[in-house]
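Heavy atoms only: backbone and side chains are in, while hydrogens, waters and symmetry mates are out. Predicted model, so just to flag it, every value in this text is computed and none were measured.
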Amino acid sequence: MTSRRQFLSAALAASLGALPPAIARALDIPARVRTGTIKDVEHVVILMQENRSFDHYFGTMNGVQGFGDRFAIPAPDTKTNKGRTVFAQPREDKPETLIAPFYLNTAEDFRLMRVEGTPHNMANAQDAWDLGRMGRWPDAKHNHSMAYFSRVDMPFQYALAEAFTLCDAYFCSMHSGTNPNRTFHWTGTNVGPNGPVTNNDYDNLGADPKGHGGYDWTTYPERLSAAGINWQVYQDMKDNFTDNPLAGFKTYRAADKATSEKLMDLARRSIRTRDLDKLKEDVLANRLPQVSWIVGTAEGSEHPSTSSPAQGADYTARVLDALTSNPEVWAKTVFLINFDENDGYFDHVPPPAPPSIGADGKQLGFAEGAEAEYHQGDDKYGNRPYGLGPRVPMYAISPWSKGGYVASEVFDHTSVIRFLERRFGVQEPNISAWRRAVCGDLTSCFDFKTPNDQPFFAHIPKTAELAEKARKLGGETKPRTPDTLVAPVQEKGQRPRRATPYDLGAHLGWDHIEVFRYIQFDNRSSDRATVFHLYNGLDLTQPPLRFTLAPGQSRNYAPVADMKLKTYGEAASKGYDWRVIGPNGFFRHFVGEVYEIDAWLKGAQLRLGNPSFKAPQKITLTDHYGGREQVFYMAPQPPHKDGHMTVYETVTLDLGATSGWYDVTLKGDGFHQRLAGHVENGQPSLSDPLAFGPAPLKL
């Protein structure tokens, strides 16, 4: 009898023809399921690549939060351009002219495969982020920071995503370059004795520009050693692109010259050459460590200018070849590939962050436990949040993560440490309370219970020929900036989607004593904090407010003058226009001039009330997923003294056909509200069926 595994192998061979053996094995080898939990993972291998943003690589891919994001954030007006989204950016050389993300068409000009890099230190990264406004990106990063690739240019990367799991809410840890982000990745923080790490000063064993001899706090590999967990760094010390941040720490610098067995062992594990040939030897001999970090070569790093997507793909394929060379080992291995930072390449999603600090020294929003997240330098970036930084790609590759899923829980580089914490029980106290609350631990990327039920259907191309073609280019190319504003387009089609932990809400409320309106934020999630971004459409020159809410927490924000009521039922002299952005596709838009409805949405239940005191309301509800338009006539009904409505209308949204996605508009005399997002039920679902097509360039 033909087994399911044999059937799938035959189907794969028939549909794809000859494949690189590593990819065929990675898809074909089933997970070894013993407990149905993370405990079945015996090896975690981590490869951090270089300098690509999520939009730069995957903005066109179907089923992710890419260019078809209908709720792109508003960008501040310029003298000549008003009402734009963040997708439309002023050129650095012609600020009156807008450009959108533009395509690097390597089929027409293969030189674009080796695209020139962009500025990417802390100063220009903070300038591009601009406290969350993100409205003048090319000023800080140059016009070609808006360039992107598609699946035609990156067949291997797209195939990996469609074979395994891709994260579309994975953010780098900090607005900065390589070494600061890698320090977060290996230690959980960038702050400590002789820190903070804000640049690449200490990225090799010989560097000591500040004379203190190196950073002096405990790294996560040291904690693994203390707990008896076996680990190893695989690299070529003569060609690791100075991407091993351990070389900047005093302990490892001492180990480099030590004669004691303990420190010599530390050096062997961390700052000595043990390259991919040794990785394969260890896999074949069944001695792969419990935790392995891989530091790539300059050519294999995927870094702009120095490398390319084609050369990075070939290097990744070599790593995967080594890991799958022994099926017994791969059956119990998780392989994580992320990118240290975005270089300067544009990404449209505002990174979750603690509140910015206003001129009066107060938070522009709310967050607790975030003290370590602010830069304490005496430069102009003092008191600015370090991060999270822009989105970068992250693949979870393993027998437990097959199926072409997208994972939309918020993660950053410390999430990799959190995954190791969950598996091996070794805690990292360096991770701040705020970051630990907001960022997940990657476990939602995997199905540990029934991983072998996932079919595979990806087309995985070969890599060597394209890499050699890129290698022969020898140099780098700066793309030409387009002269016209053309929206990039995201592919149509849904993608299987991992469950997320979010249950969020936001609505306009009413204080019956002080007589003003407020925005109430609700985090009904059981175990994940969330960051709400609040944009004032009447004054986008102001930074967005950011509110971090703990699980189960609600918090009100009263935007004072523009929401204040003169008397019952009368408008203030100024209207309001507020947008709320959160994770997992969460969006609210409140626009009005007069006192209007109260609307609460919890799960699929939408409740409407009319607290206007004197006027009936005609409310038109439009379902943007194709549901019928509904009209409600609601008599005025003052709230009880506790502020709650005595009479309200309940509408049950039909989410069955949309895989849990909702998007409704409520309109009436003097008000407009839009409510969109996803209702979770703890199970996998599908991506947003409307997230495709041209990027929205205007609000």
Side-chain angles (χ1 to χ4, degrees), residues 122 125-126 129-134 169-176 180-181 183-185 187-192 195-198 217 349-391 409-418 421 427-441 501-502 504 506 521-523 525 527-535 542-557 580-583 586:
M122 179 172 146
Q126 283 280 349
W129 177 56
D130 193 22
L131 302 180
R133 285 173 288 234
M134 296 171 55
Y170 186 101
F171 297 81
C172 67
S173 289
M174 181 177 170
H175 295 286
S176 63
N181 275 290
T183 303
F184 270 104
H185 188 236
T187 78
T189 186
N190 70 319
V191 177
V197 185
T198 59
W217 62 88
V349 175
S356 298
I357 304 299
D360 59 359
K362 296 180 180 179
Q363 291 184 341
L364 300 178
F366 170 78
E368 293 180 335
E371 292 78 12
E373 297 294 334
Y374 292 92
H375 181 50
Q376 298 304 309
D378 56 4
D379 52 28
K380 74 173 186 176
Y381 304 103
N383 281 332
R384 287 203 183 191
Y386 282 124
L388 306 180
R391 288 188 307 170
E409 184 178 353
V410 171
F411 304 122
D412 86 319
H413 297 329
T414 65
S415 298
V416 175
I417 295 178
R418 298 275 305 286
E421 287 181 340
Q427 297 300 299
E428 179 48 82
N430 288 335
I431 301 173
S432 75
W434 179 88
R435 203 167 286 248
R436 188 175 287 275
V438 169
C439 301
D441 60 13
Y502 303 109
L504 309 177
F521 302 100
D522 300 305
N523 182 9
S525 312
D527 66 352
R528 179 68 68 248
T530 197
V531 176
F532 293 97
H533 306 251
L534 182 61
Y535 292 83
Q542 297 300 312
L545 308 179
R546 290 184 293 275
F547 300 84
T548 302
L549 269 67
Q553 186 177 25
S554 295
R555 190 173 182 91
N556 297 340
Y557 170 69
V580 182
I581 301 286
F586 184 86

* Asked: side-chain contact (heavy atoms from CB on, under 4.5 Å) with Pro351: which residues, sequence neighbours excluded?
  ->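 Applying side-chain contact (heavy atoms from CB on, under 4.5 Å) to Pro351 gives Trp129, Met134, Phe171, His175, Leu388.
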Inset, instruction - Can you sort out the partners of Asp130 under side-chain contact (heavy atoms from CB on, under 4.5 Å), two or more places apart, ordered by chain and number? - result: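 Per chain and number, Asp130 pairs via side-chain contact (heavy atoms from CB on, under 4.5 Å) with Arg133.
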How close do [X] and [Y] get, heavy atom to heavy atom, and via which atoms?
| X | Y | answer |
| --- | --- | --- |
| Thr548 | Ala353 | OG1-O, 4.4 Å |
| Val191 | Pro196 | CG2-CB, 4.2 Å |
| Thr187 | Glu428 | O-CD, 3.4 Å |

Give, for atom [atom1] of [X] and atom [atom2] of [Y], the distance between the pair rounded to the nearest 0.5 Å.
| X | Y | atom1 | atom2 | value |
| --- | --- | --- | --- | --- |
| Asp441 | Glu409 | CG | CD | 7.0 Å |
| Lys362 | Ile357 | NZ | CD1 | 11.5 Å |
| Leu131 | Leu364 | CG | CG | 8.0 Å |

Heavy-atom check, side chain of [X] versus side chain of [Y], under 4.5 Å:
| X | Y | result |
| --- | --- | --- |
| Met174 | Met122 | yes |
| Ser356 | Arg546 | yes |
| Val580 | His533 | no |
| Thr198 | Tyr381 | no |

Applying side chain to side chain contact (heavy atoms under 4.5 Å, CB included) between Cys439 and each of Pro352, Ser173, Ser415, report the one that passes.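 Running side chain to side chain contact (heavy atoms under 4.5 Å, CB included) over Pro352, Ser173, Ser415 with Cys439 returns exactly one hit, Ser415.
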So if I apply the side chain to side chain contact (heavy atoms under 4.5 Å, CB included) rule between Val416 and each of Phe411, Tyr170, Phe184, which one comes out positive?
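The single option meeting the side chain to side chain contact (heavy atoms under 4.5 Å, CB included) with Val416 is Tyr170.
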Can you tell me how the ring of Phe586 sits relative to the ring of Phe532, calling it parallel under 30°, perpendicular over 60° and tilted otherwise?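 Answer is perpendicular, since the angle exceeds 60°.
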ask   = Any chance the side chains of Arg436 and Thr414 put a donor and an acceptor closer than 3.5 Å?
value =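 The answer is no; no qualifying pair exists.
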Would you please indicate if the ring centroids of Tyr557 and Phe547 are separated by under 6.0 Å?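 Yes: the rings meet the under 6.0 Å criterion.
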Next item on the list: Walk me through it: do Thr183 and Asn190 pass the test side chain to side chain donor-acceptor pair (under 3.5 Å)?
Entry: CA-CA 6 Å; Thr183 303; Asn190 70 319; over 6 Å; no
Subject >> Check: Asn523 side chain, Arg528 main-chain N or O, donor-acceptor pair, under 3.5 Å >> reply: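 Checked: pair present.
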Under 3.5 Å, side chain of Gln542 to main-chain N/O of Tyr535, donor-acceptor pair present?
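The answer is no, because no donor-acceptor pair under 3.5 Å joins these two groups.
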> side chain to side chain donor-acceptor pair (under 3.5 Å) between Ser554 and Asp522: does it pass, once the steps are laid out?
Replying inline: CA-CA 4 Å; Ser554 295; Asp522 300 305; 2.5 Å; yes
For atom CG of Asp378, decide whether the heavy atoms of other residues, nucleotides or ligands shown that lie under 6.0 angstrom number more than 12.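 Incorrect, the count does not exceed 12.
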In residues 366-375, what donor-acceptor pairs under 3.5 Å come from side-chain atoms, sequence neighbours left out?
from	atom 1	to	atom 2	distance (Å)
Glu373	OE1	Arg435	NE	3.4
Glu373	OE1	Arg435	NH2	2.5
Glu373	OE2	Ser432	OG	2.5
Glu373	OE2	Arg435	NE	3.1
Tyr374	OH	Pro355	O	2.7
His375	ND1	Tyr386	OH	2.9
His375	NE2	Gly377	N	3.4
His375	NE2	Asp379	OD1	3.4
His375	NE2	Asp379	OD2	3.4

